[in-house]
2 protein chains.
Amino acid sequence: MVIKVFIVDDHYMVIEGIRSLLQNEKSIEWMGHAMNAASCLAFLQQQQPDVILMDINLPDMSGIDLCKEVKMKYPSIHIIGLSSFNQQSFIQKMLDNGASGYLLKNATREELVYAIKTVIEGEIFLSDEVELTVQKNEDSKVPIITRREMEVLLLIADGLTNNEIAIKLFISTTTVDTHRKNLLAKFEVKNTASLIRMAAQIQLIPFIKPKN
Amino acid sequence: MVIKVFIVDDHYMVIEGIRSLLQNEKSIEWMGHAMNAASCLAFLQQQQPDVILMDINLPDMSGIDLCKEVKMKYPSIHIIGLSSFNQQSFIQKMLDNGASGYLLKNATREELVYAIKTVIEGEIFLSDEVELTVQKNEDSKVPIITRREMEVLLLIADGLTNNEIAIKLFISTTTVDTHRKNLLAKFEVKNTASLIRMAAQIQLIPFIKPKN
DNA sequence: CATAAAATCCTGTTTTTAGGGGATTGTTTT
DNA sequence: AAAACAATCCCCTAAAAACAGGATTTTATG
């Protein structure tokens with residue numbers, strides 16, 4: 001049985017690289033590619049692959065969200081996350097959203113083929129380096145914050161003081177301070193600098209700074 | 001005349017992708033690849049290509065520094081920067097260090113070939129999108145900070161206070177405060193939160209937090 | 001060698017955060 | 001219905017950062 005593979009990545013060179021790596025594999029059929037989430041979903045309405053290799057960073061939607069949506073609509077498709085970074089937070093989220101594996105972009109042909117064959121069997125595949133990270137950073141879990149805390153976090157990142165945030169949200173400064181304290185506690189950091197850094201790294205803070 | 005091309009990238013899939021894209025180009029000869037700066041430099045001691053496609057993010061040394069070193073030792077080699085991100089700061093630094101062009105990883109075969117042929121002529125090649133960014137973000141210029149300011153910035157991002165930084169760097173707390181003031185001024189922000197956010201977004205702060 | 005830039009240090013004041021305690025009202029969730 | 005959570009508010013203290021306005025020494029660089 002031939003395994004039908006589809007890829008979603010916004011880097012043409014990566015698509016081409018994977019295609020090239022797979023072209024001599026008789027047991028794998030290349031179905032094509034999409035360069036964003038929208039065209040991926042459009043493609044899936046026509047045909048369904050067995051495995052999707054999905055980049056984490058897409059222009060229109062994060063791979064994490066796309067993964068969730070695809071698994072909801074087509075539960076039988078196996079998804080392998082794909083990215084350059086060995087970021088435990090992303091890997092965890094992908095797996096939580098139904099992904100069957102995670103592959104780094106410096107993987108070899110052998111790893112790639114093995115990953116596809118593993119997830120088809122219903123098993124989980126993780127790159128060697130990824131597994132190490134998952135074990136190593138087991139303690140550094142992504143904090144669960146509330147909606148209000150998120151609002152406050154974003155305003156802190158925008159450079160507002162507690163007082164300015166209070167005015168903006170029509171609440172007392174002491175309330176803002178409490179939210180801030182909770183954020184520091186949940187992120188297990190002791191000041192704003194570390195808080196913003198962590199939040200930026202796990203991509204809680206959007207890149208484009210909205211003008212007020 | 002055949003153009004000899006070499007590539008330095010730590011992502012196997014990108015190497016394979018470029019190789020695949022170039023394999024039918026008769027005017028281009030594939031010399032091979034390196035997956036880090038060290039093996040690139042080792043290779044150059046044996047043979048010299050005409051063009052090097054160089055990733056910005058390498059495991060052992062930044063592409064920006066490697067670019068400088070290569071151009072110093074082998075001025076006749078043309079270097080094209082390669083990365084996933086359309087980051088004006090990196091592009092500028094690469095060009096300052098002697099690169100002849102900058103290509104995004106979502107470039108097509110045509111762009112890739114055109115880029116190689118352009119830089120061989122001694123001209124500068126920039127991806128279309130890159131050129132747009134260079135123009136678009138002309139106002140939001142990347143601040144030029146000194147080495148010491150960079151050290152302080154990283155320690156701030158690590159969550160250290162001025163006093164802790166002072167102890168670490170064997171300088172006075174007031175000096176750290178001055179560096180901090182200069183950082184705020186150069187980034188045109190008014191507090192630490194905005195500073196760290198901006199620094200994280202232009203990728204001045206490394207992802208993997210070094211353990212002290 | 002002269003000038004500019006970088007790195008160092010200082011004295012203040014004001015504002016903002018961090019840390020330690022609370023407490024009350026709703027809203028989920030079990 | 002009780003427990004857990006979210007969101008709101010309060011007091012107090014100490015530490016840290018931001019703001020202002022200096023100065024000196026070292027290190028590059030034309």
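When reading the values below, keep in mind they use all heavy atoms of this one structure, side chains included, and skip hydrogens, waters and symmetry mates. Each chain gets a letter, A, B and so on, in the order its sequence line appears, and its residues count up from 1.
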Pick the nucleotide of DNA chain C nearest each of B/Arg147 and A/Thr192; which residue has the one closer to the 5' end?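 It is B/Arg147, whose closest nucleotide lies nearer the 5' terminus.
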Whether over 12 other heavy atoms sit under 6.0 Å from B/Lys68 NZ: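 No - once you tally the heavy atoms of other residues, nucleotides and ligands closer than 6.0 Å, there are 12 at most.
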Hey, does the side-chain of B/Lys181 have a donor or acceptor N/O within less than 3.5 Å of a partner on the base of D/dG21?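 Answer yes: a donor N or O sits under 3.5 Å from an acceptor.
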Atom-pair distance ([atom1] on [X]; [atom2] on [N]), nearest Å:
| X | N | atom1 | atom2 | answer |
| --- | --- | --- | --- | --- |
| B/Ile171 | C/dT8 | CD1 | P | 5 Å |
| A/Leu169 | D/dC9 | CG | P | 10 Å |
| B/Lys186 | C/dA5 | NZ | P | 11 Å |
| A/Leu184 | C/dT16 | CG | C1' | 13 Å |
| A/Asn182 | D/dA7 | CG | P | 10 Å |
| A/Leu195 | C/dT16 | CG | P | 18 Å |
| B/Ile196 | D/dA17 | CD1 | C1' | 13 Å |
| A/Glu151 | D/dT8 | CD | P | 8 Å |

Nearest to side-chain heavy atoms of [X], which nucleotide of [options]:
| X | options | answer |
| --- | --- | --- |
| B/Thr161 | C/dT17, C/dA7, D/dA17 | D/dA17 |
| A/Asp177 | D/dA18, C/dG19, D/dA7 | C/dG19 |
| A/Arg180 | C/dT8, D/dA18, C/dT17 | C/dT17 |
| A/Thr174 | C/dC10, C/dA7, D/dC10 | D/dC10 |
| B/Lys190 | D/dA6, C/dA7, D/dC19 | D/dC19 |

With respect to the phosphate group of [N], does any side-chain polar atom (N or O) of [X] fall under 4.0 Å of OP1 or OP2?
| X | N | result |
| --- | --- | --- |
| A/Thr175 | D/dA7 | no |
| B/Asn162 | D/dA17 | yes |
| A/His179 | D/dT8 | yes |

B/Phe43 and B/Phe6 aromatic ring geometry - parallel, tilted or perpendicular at 30°/60° bounds: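 Plane angle under 30°, so parallel.
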At under 4.0 Å between heavy atoms, what does [X] touch on the DNA or RNA strands: base, sugar-phosphate, or nothing?
| X | answer |
| --- | --- |
| A/Thr178 | base |
| A/Thr146 | sugar-phosphate |
| A/Asn163 | nothing |

What are the two closest non-hydrogen atoms of A/Val152 and A/Leu169, and how far apart are they?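 Scanning both residues, the minimum pair turns out to be CG2-CD1, 4.1 Å.
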Mark yes or no for whether B/Glu149, through its side chain, and B/Thr146, through its backbone, hold a donor-acceptor pair below 3.5 Å.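 The answer is yes, because a donor-acceptor pair under 3.5 Å joins these two groups.
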Between the main-chain N or O of A/Gly159 and the side-chain N or O of B/Asn191, is there a donor-acceptor pair closer than 3.5 Å?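 Flag set: sc B/Asn191 to bb A/Gly159 pair under 3.5 Å.
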If the threshold is 4.0 Å, N to carboxylate O, is there a salt bridge linking A/Asp158 and A/Lys168?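 No.
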